[in-house]
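Here's the structure we're looking at; comments come further down.
A note on names: the letters A, B, ... follow the listed sequences, proteins ahead of strands, and every chain is numbered from 1.
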There are 2 protein chains.
Amino acid sequence: MKNVPVIDQIIDLAQSLIQTRGYNAMSYRDLADQIGIKTSSIHYYFPAKEDLGRAVMAHYRQGIRSALAGIDAKTPDPRVKIERYVGLFRETVQSGCICLGGMLATDFTTLPQGVQTEVRNFFAENEAWLANVLETGRTSGAFMFEGSSAVKASAVFAALEGAMIAARLFNDDKRLVSAADWMLDTLSAPR
Amino acid sequence: MKNVPVIDQIIDLAQSLIQTRGYNAMSYRDLADQIGIKTSSIHYYFPAKEDLGRAVMAHYRQGIRSALAGIDAKTPDPRVKIERYVGLFRETVQSGCICLGGMLATDFTTLPQGVQTEVRNFFAENEAWLANVLETGRTSGAFMFEGSSAVKASAVFAALEGAMIAARLFNDDKRLVSAADWMLDTLSAPR
DNA sequence: GACAATCTACCTACTGGTAGGTAACATTCG
DNA sequence: CGAATGTTACCTACCAGTAGGTAGATTGTC
């Protein structure tokens, strides 16, 4: 029975609500009722919804960043790195969610500016990591593809996001797995 | 100056608002104000929001269906079929929108049941068409891939949806093009 | 007159947000 | 030491605006 600070409860629940329902379908009342506080208490920590949105996205980015650092630390093989990366997505989809970044990317036009920036940075950060893994893999001979690794990375990331959305839509995480397998296959196999 | 029936104006505008802002950020008031009628007039045609949602999705599906029929009629080459198909997506993203199906797939958990069904059907329909093109192409030797064409089709469709979302996020439709080029390349090239 | 289409007028529930209060605890200072 | 003064973390009680939705009157057309 840990005594989790209210502010962390708010961020965690807000993240999960946004991931499952979207930014506009997450309200201060939802949060307050489920945590057992009043909406004004949430305003105490996050005066405007934009502040909460930014905090949630920043927290999410931090989580991904340390997950990626963990992968980099434990896994030298680029192929395995991508596999572990896909594993992160699979965990999310197995809990009935889609990626927070993907969700907010579709809500994009309705987001406050500060949150929009966070979302773009999230995409950029993931793509940069992927581009690096792809480029390293190509140099080492593990991967084989033509053209810019940055462009390929953005295609890979977008494909994974799309596969997540479809996987949740049909409640079938094999959709994510098969999409990932296909990509890994075309990237690595000189047939 | 065509005299467009009000009901069609409602459907068209609702579609465009959902595509740009999402289901929950589209309101009867938005529609009424922009068309120049009262919200109660919309309720006359669509008593509940679910009715409107279903009508919009059904209309959208019909549009896609005839577009696909057009491609089938004019284009025998499977490769070119896919290229034209991607062209449909590019048009959408160039007008600052994402695919209605992709948008509603992320809003999925907040949708009324009738709309949810339409969204799943939309995905299934696109994937079925793609699977057919892929399978035909493989038989004719135009494409080359292993495994089920249905599985490959769902991966292709999801990748395109994801690429659209990213393309709008960065206001850069090259992201869609390069993702599509990559897929076509891996599907067709025996290297 | 019948009917379709549109209006006015209203409802309840919920939205993000504000103002001001209060109990508990910590800090400062005579 | 103990009283005064913050500060923190909530609360109650609002607010204007918006959500989807309803009832019933009005208008125009065949």
Taking the side chain as every heavy atom from C-beta outward, state whether A:N126 and A:L160 have any atom pair closer than 4.5 Å. no
A:I35 CD1 to D:dA9 P, in whole Å, measures 15 Å
Non-hydrogen side-chain atoms of B:Y23 and B:T106 separated by less than 4.5 Å: no
Protein heavy-atom contacts under 4.0 Å, written 5' to 3' over nucleotides 11-30 of chain D as B (base), S (sugar-phosphate only) or - (none), form the string BB-----SSSBB--------
OP1 or OP2 of D:dC10 versus the side-chain N and O atoms of A:Y45: is any pair under 4.0 Å?
yes
To the nearest angstrom, the CD-C1' distance between B:Q9 and C:dA5 comes to 14 Å
Under the salt bridge (Lys or Arg N to Asp or Glu O under 4.0 Å) rule, what do A:K174 and A:D172 come out as? Steps first, then yes or no, please. CA-CA 5 Å; A:K174 282 196 297 292; A:D172 170 23; 3.6 Å; yes
- Query: Does the ring center of B:W129 lie less than 6.0 Å from the ring center of B:Y85?
  - Reply: yes
B:I7 CD1 to C:dA4 P, in whole Å, measures 13 Å
Worksheet entry | A:H43 and A:Y28 aromatic ring geometry - parallel, tilted or perpendicular at 30°/60° bounds | tilted
What I'd like to find out is whether the side chain of B:K49 reaches to under 4.5 Å of the side chain of B:P112, using heavy atoms alone.
no
